Student: 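Can you keep this structure in mind? I'll have questions shortly.
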Amino acid sequence: MADFRVGTAVDAHRLVAGRALVLGGVTIEHTHGLEGHSDADVVCHVLTDALLGATGLGDIGRMFPSNDEWEGAASIDLLRLASERIAAEGWSLVNADCMVVAMQPRIAPHVDAMRTACAAAMGSTADRVSVRATGTDGLGFTGRGEGIAAQAVVLVER
């Protein structure tokens, strides 16, 4: 009998000038990028954290601490490394669902590329990965364009 586990995660980063905007491993044309120790890709961060949580392997901060080794890291690489770690423990992804919370830029034109990139990093296929977006009708820091947030849920099995 298969062992199924669920993991969830939430992340948010401030938008700042002078940085590229990377979401789901895809660089998106925008006036600002996300501030963080790595490239601050909130999509990859929540997927990584949800995978680690589901499998009881800690969290993204414990696996990839904010030190010189990970400074400026591409978060898609962190997602790949975390996925390799859970695979080594006998876990595989059943599916992942990620919701991006942002008013700008429009996420929809980039969803397919993000699904493909994240699925590849997780050793899976795009039909098992969902990336969606919602706005907040001008409410909160995302509504004011100050940052982007994301949340994810994953199901894994062993």
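Each residue takes its place number in the sequence, starting with 1. Remember, predicted model here, so these are calculated numbers, not experimental data.
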Student: Apply side-chain contact (heavy atoms from CB on, under 4.5 Å) to the pair Gln151 and Thr8, showing each step before the final yes or no.
Tutor: CA-CA 7 Å; Gln151 59 184 14; Thr8 64; over 6 Å; no
Student: Met122, Val153: one ILVMFWY side-chain cluster at the under-4.5 Å cut-off?
Tutor: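 No; Val153 is not reachable from Met122 via cluster members.
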Student: Closest approach of Ala54 and Gly7, non-hydrogen atoms and distance?
Tutor: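 Minimum heavy-atom separation between Ala54 and Gly7: CB-N, 3.5 Å.
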Student: Give, for atom CG of Asp41 and atom CG of Leu79, the distance between the pair rounded to the nearest 0.5 Å.
Tutor: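 With rounding to 0.5 Å, CG (Asp41) is 8.5 Å from CG (Leu79).
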Student: If we ignore hydrogens and angles and just use 3.5 Å, is the side chain of Thr55 paired with the main-chain N or O of Leu52 as donor and acceptor?
Tutor: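 Checked: pair present.
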Student: Verify, without hydrogens or angle tests, whether Arg158 (side chain) and Glu89 (backbone) share a donor-acceptor contact under 3.5 angstrom.
Tutor: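 Confirmed, Arg158 side chain pairs with Glu89 backbone.
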Student: Is there a donor-acceptor contact under 3.5 Å from the side chain of Thr136 to the main chain of Gly143?
Tutor: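 Yes: the side chain of Thr136 pairs with the backbone of Gly143.
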Student: Hydrophobic clustering (ILVMFWY, side-chain heavy atoms < 4.5 Å, transitive) - are Met63 and Val43 grouped together?
Tutor: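 Looking at the clustering, Met63 is in the same group as Val43.
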Student: Considering non-hydrogen atoms only, spot the tightest contact between Ala50 and Ala9 and give its length.
Tutor: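 Minimum heavy-atom separation between Ala50 and Ala9: N-CB, 3.7 Å.
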Student: Pair Cys98, Ser130 - check side-chain contact (heavy atoms from CB on, under 4.5 Å), show working.
Tutor: CA-CA 6 Å; Cys98 180; Ser130 174; over 6 Å; no
Student: If two hydrophobic side chains count as joined below 4.5 Å and joins carry through other members, does Leu23 share a cluster with Leu78?
Tutor: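 Yes, Leu23 and Leu78 fall within the same hydrophobic cluster.
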Student: Is there a side-chain contact (heavy atoms from CB on, under 4.5 Å) between Met103 and Thr142 once you walk through the steps?
Tutor: CA-CA 6 Å; Met103 293 299 291; Thr142 57; 5.6 Å; no
Student: Between atom CG of Leu34 and atom NE2 of His30, what is the distance when rounded to the nearest 0.5 Å?
Tutor: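 Answer for the CG-NE2 pair, Leu34 versus His30, is 8.5 Å.
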Student: Hey, which of Leu155, Val154, Val129 is the one that makes side chain to side chain contact (heavy atoms under 4.5 Å, CB included) with Asn95?
Tutor: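 Single pass found, and it is Leu155.
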Student: Does Asp127 have more than 12 heavy atoms from other residues, nucleotides or ligands lying within 6.0 Å of its CG?
Tutor: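 Yes, because the 6.0 Å sphere around CG of Asp127 holds more than 12 heavy atoms from other groups.
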Student: Salt bridge between Arg132 and Asp97, side-chain N to carboxylate O under 4.0 Å?
Tutor: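 Yes, this pair counts.
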Student: Looking at His37 and Asn67, would you say the former's side chain and the latter's main chain have a donor-acceptor pair under 3.5 Å?
Tutor: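 Such a contact is found between His37 side chain and Asn67 backbone.
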Student: How far apart are the C-alpha atoms of Val101 and Ile148, what are their side-chain angles, what is the distance that settles it, and do they pass the side-chain contact (heavy atoms from CB on, under 4.5 Å) test?
Tutor: CA-CA 6 Å; Val101 184; Ile148 296 176; over 6 Å; no
Student: Between OG of Ser83 and CG of Leu47, what distance do you get to the nearest 0.5 Å?
Tutor: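 Ser83 OG to Leu47 CG: 8.5 Å, rounded to 0.5 Å.
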Student: I need the minimum non-hydrogen distance between Glu35 and Ala40, along with the two atoms involved.
Tutor: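 In terms of heavy atoms, the two residues are closest at O-CB, 3.5 Å.
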Student: Keeping the roles fixed (side chain from Arg115, backbone from Val131), state whether a donor-acceptor pair exists under 3.5 Å.
Tutor: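 Looks like no, no N/O pair under 3.5 Å.
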Student: Could you check if a side-chain atom of Thr48 sits within less than 4.5 angstrom of a side-chain atom of Ser75, using non-hydrogen atoms only?
Tutor: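 When only atoms from C-beta onward are counted, Ser75 and Thr48 do not touch, as no gap falls below 4.5 Å.
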Student: Taking the side chain as every heavy atom from C-beta outward, state whether Val22 and Ile28 have any pair of such atoms under 4.5 Å apart.
Tutor: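 Contact flag for Val22/Ile28 side chains = no.
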Student: Decide, yes or no, whether a salt bridge links Asp59 with Arg62 under the criterion of side-chain N to carboxylate O below 4.0 Å.
Tutor: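 Salt bridge absent between Asp59 and Arg62.
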Student: Would a distance-only check, ignoring hydrogens and angles, find a side-chain to backbone donor-acceptor pair under 3.5 Å from His32 to Leu15?
Tutor: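 Answer holds: no.
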Student: Calculate, to the nearest 0.5 Å, the distance between atoms CH2 and CZ belonging to Trp91 and Arg85 respectively.
Tutor: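 Taking CH2 in Trp91 and CZ in Arg85, the distance rounds to 13.0 Å.
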Student: For the atom pair OG (Ser38) and CD (Glu71), what is the distance rounded to the nearest 0.5 Å?
Tutor: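 Going from the OG atom of Ser38 to the CD atom of Glu71 covers 10.0 Å.
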Student: Tell me whether Leu21 is reachable from Val111 by hopping between hydrophobic residues (I, L, V, M, F, W, Y) whose side-chain heavy atoms are closer than 4.5 Å.
Tutor: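 Yes.
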Student: Specify the closest pair of heavy atoms between Val94 and Arg128, including all atoms of both residues, with the distance to one decimal.
Tutor: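 Heavy atoms of Val94 and Arg128 come nearest at O-NH1, 2.8 Å.
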Student: What is the distance from atom CH2 of Trp70 to atom CG of Leu81, rounded to the nearest 0.5 Å?
Tutor: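 Between Trp70 CH2 and Leu81 CG, I get 5.5 Å after rounding to 0.5 Å.
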Student: Consider only side-chain heavy atoms of I, L, V, M, F, W and Y, link residues closer than 4.5 Å, and tell whether Phe64 and Val42 are in one cluster.
Tutor: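 Yes, it is one cluster - the side chains of Phe64 and Val42 are joined through contacts under 4.5 Å.
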Student: So does Ile60 get a backbone contact from the side chain of Asp49, meaning a donor-acceptor N/O pair under 3.5 Å?
Tutor: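 Indeed, once roles are kept as given, a pair shorter than 3.5 Å links the two residues.
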